[in-house]
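Down below is the structure, laid out as structure tokens.
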Amino acid sequence: MDGRSLLFSPFTLRGVTFPNRIVIAPMQMYKTGPDGLATDWHFQHLAKYAIGGAGTVMTEGLIVDPIGRNTYGDCGIWSDDHVPPLRRIADFLHQQGTVAAAQLHHAGPKSARQRPWEGLGPLGEAEAARGEPPWQPVSSSDSRTIEGWHQPRAMTVAEIRELVTKYADAAQRVDAAGFDVLDIHAAHGYLIHSFLSPVANHRTDEYGGDRDGRMRLALEIAETVRSVWPTEKPIFFRISCVDWRSDLDDRNDGWSIDDSCVLARELHSRGIDLIDCSSGGIRAENSLLDFAKKRKKMRRGHQVPYAETIRNATGIPTMAVGVILDGPQAEAILEADQSDLVAIGREALTDPHWAVHAAQALGVDPGWGMWPPSYGWWLHLRERTGVAD
């Protein structure tokens, strides 16, 4: 290649310029205590991606209300006490020239569960015996979509309105912590998705029924958060673009890509700047487990077509996610106008320097100049010296 790359070109939304198109996706670590405070673990987890060259690094989902925790190990943003340790993280990201992003989250019907390595199922007697008893999850309706999990309780209208305020309060705390970008998690069978999807939402009031009713909560949260989030800072909105996946399911029901295009336009009219495009989760404990249980392999970029469809149909910027493994693949997604940003998650766990390795693979950084000088000087010297067999 000639050193030119879309992946390593800047991109601007509102008053924020992303130095490259690589976003480290939110990844739950389940490493806090019951107080939900970010720790040194979270600092080192996110700091290394900034050192590794990612243009944007996003926190894991920050829980807006304790009842919406996935597990007892989730990071919170439900009180002012959560701000200082998060500010430490944002400050370090900025020192590296990285855009600091944070995600707001409420697990809804998937709350009160075990950490993944403990089983990922609903909390029960064994967890209660060690001091982590289950609590009552809430959802759009009082029916479960995953067999064997806690039956959720349908939220009242008053509780829904309180929840919208909690999202706004959480956004203001994220701003106080110094983050540049906000992402609202409305995918994967969690609370907002449970309102959007007819698979989960069986309400007959203004928050249920037809698509307009089912979208109401998502749009109210978007509008209210936008009203308190600084005008110069962008907001992303993560959605499950479809409830089903043709590579996993024979069925074709629930929330559809056409619904997602309608939602994207409505969100954009309320100040949302980019759609973060994922899929599934309404009937599954976890997307990876869903593939594993059905003994099917995930395809590279299996969710990228959703980002492409929404981008082309609406003209709204999108972010592609899902099994994006290397720089040339990410570059091809951008060259094909399938998305504006690419999110790297699990692959970054295997290689925290994914971004600078991608730059080298694309011929953008042949002299190790994108690495921190204290790394790059030595590595370039070793390359020049060579290593004998």
Side-chain angles (χ1 to χ4, degrees), residues 25 70 105 107-110 113 120-121 137 139-141 143-149 151-152 184-203 207-218 237-267 275-314 316 318-324 333 338-339 343 345-346:
N70 295 275
H105 185 29
K110 290 188 170 183
R113 57 180 174 173
L120 200 61
S139 184
S140 59
S141 304
S143 58
R144 59 172 69 91
T145 59
I146 303 173
E147 187 177 351
W149 279 43
Q151 182 170 335
I184 299 173
H185 196 337
H188 301 164
Y190 296 120
L191 184 66
I192 301 175
H193 188 191
S194 81
F195 277 80
L196 290 170
S197 173
V199 173
N201 188 342
H202 306 135
R203 301 177 73 98
Y207 290 95
D210 63 11
R211 183 173 61 197
D212 288 345
R214 289 183 279 110
M215 291 196 304
R216 188 181 303 277
L217 174 61
F237 210 90
R238 167 165 273 206
I239 63 173
S240 280
C241 298
V242 297
D243 278 348
W244 59 280
R245 285 193 285 232
S246 58
D247 50 353
L248 277 176
D249 303 316
D250 294 327
R251 69 184 93 196
N252 180 354
D253 65 352
W255 187 260
S256 72
I257 189 66
D258 291 338
D259 294 327
S260 289
C261 289
V262 172
L263 175 63
R265 292 187 186 97
E266 294 294 331
L267 289 169
I275 305 300
D276 178 359
C277 299
S278 191
S279 66
I282 197 72
R283 298 184 180 92
E285 301 96 324
N286 173 278
S287 58
L288 276 179
L289 277 178
D290 209 18
F291 280 94
K293 286 181 176 180
K294 294 175 182 177
R295 298 190 177 185
K296 293 189 177 182
K297 293 182 178 180
M298 290 186 293
R299 299 191 309 268
R300 274 181 174 241
H302 66 112
Q303 298 179 134
V304 172
Y306 305 132
E308 180 181 22
T309 297
I310 291 176
R311 186 177 189 270
N312 290 343
T314 68
I316 300 166
T318 62
M319 181 161 68
V321 305
V323 200
I324 300 171
I333 291 167
Q338 292 180 289
S339 74
R346 296 178 183 98

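Side chains are part of it too, since the values below use all heavy atoms of this structure and drop only hydrogens, waters and symmetry mates. Remember, it's a predicted structure, so these values are computed and weren't measured experimentally.
- With rounding to the nearest 0.5 Å, the separation of CD1 in Ile239 from CG in Leu263 is 5.5 Å.
- Judged purely by atom type and a 3.5 angstrom limit, Ser139 has no side-chain atom pairing as donor or acceptor with the backbone of Pro109.
- Side chains of Arg214 and Pro198 form a contact here, defined as non-hydrogen atoms less than 4.5 Å apart.
- Phe195 approaches Leu217 most closely through the heavy-atom pair CD1-CD2, 3.4 Å.
- Scored by the ring-ring contact (aromatic ring centres under 6.0 Å, His included) test, Tyr190 finds His105, His185 as partners (sequence neighbours excluded).
- Counting all heavy atoms, side chain and backbone alike, Tyr306 lies closest to Trp244 at OH-O, 4.3 Å.
- The side chain to side chain donor-acceptor pair (under 3.5 Å) test applied to Ser260 returns Trp255, not counting sequence neighbours.
- For the residue pair Asp243 and His193, the shortest heavy atom distance occurs at OD1-NE2, 2.7 Å.
- For Ser141 (side chain) and Ser143 (main-chain N/O), no donor-acceptor pair under 3.5 Å exists by modelled atom type.
- Among all heavy-atom pairs drawn from Val199 and Gly254, the shortest one is CG2-CA, 3.9 Å.
- For the pair Arg144 (side chain) and Trp149 (backbone), a donor-acceptor distance under 3.5 Å is present.
- Not a single donor-acceptor pair under 3.5 Å links the side chain of Arg238 to the backbone N or O of Ile275.
- Counting only heavy atoms from C-beta outward, the side chains of Asp259 and Met215 never approach each other to under 4.5 Å.
- Annotation: the span from His202 atom NE2 to Ser197 atom OG amounts to 8.0 Å, rounded to 0.5 Å.
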Quick one: do Ser278 and His188 satisfy side chain to side chain contact (heavy atoms under 4.5 Å, CB included)? Show the steps, please.
CA-CA 8 Å; Ser278 191; His188 301 164; 2.6 Å; yes

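- Taking the side chain to side chain donor-acceptor pair (under 3.5 Å) definition, one finds that Arg265 meets it with nothing, sequence neighbours left out.
- Of the possible donor and acceptor atoms, one in the side chain of Thr145 sits under 3.5 Å from a partner among the backbone N and O of Ile282.
- Ile333 CD1 to Gln338 CD: the interatomic distance, rounded to the nearest 0.5 Å, is 6.0 Å.
- With sequence neighbours excluded, no residue forms a side chain to side chain donor-acceptor pair (under 3.5 Å) with Arg216.
- Interatomic distance, CZ of Arg311 versus CD1 of Ile316, reported as 11.5 Å (0.5 Å rounding).
- For the side chain to side chain donor-acceptor pair (under 3.5 Å) test, no residue two or more places apart in sequence or in another chain qualifies with Ser240.
- In terms of heavy-atom proximity, Ser339 sits nearest to Thr318 at CA-OG1, 3.5 Å.
- Side-chain contact between Ile257 and Ile310: present, with at least one pair of heavy atoms (C-beta onward) separated by less than 4.5 Å.
- With rounding to the nearest 0.5 Å, the separation of SG in Cys261 from CG in Asp258 is 6.0 Å.
- Looking at every heavy atom in both residues, Leu191 comes nearest to Ser194 through O-OG, 2.7 Å.
- Within the structure, the salt bridge (charged side-chain N to carboxylate O under 4.0 Å, His left out) test picks out the following pairs touching residues 192-203 (sequence neighbours left out): Arg203-Asp205.
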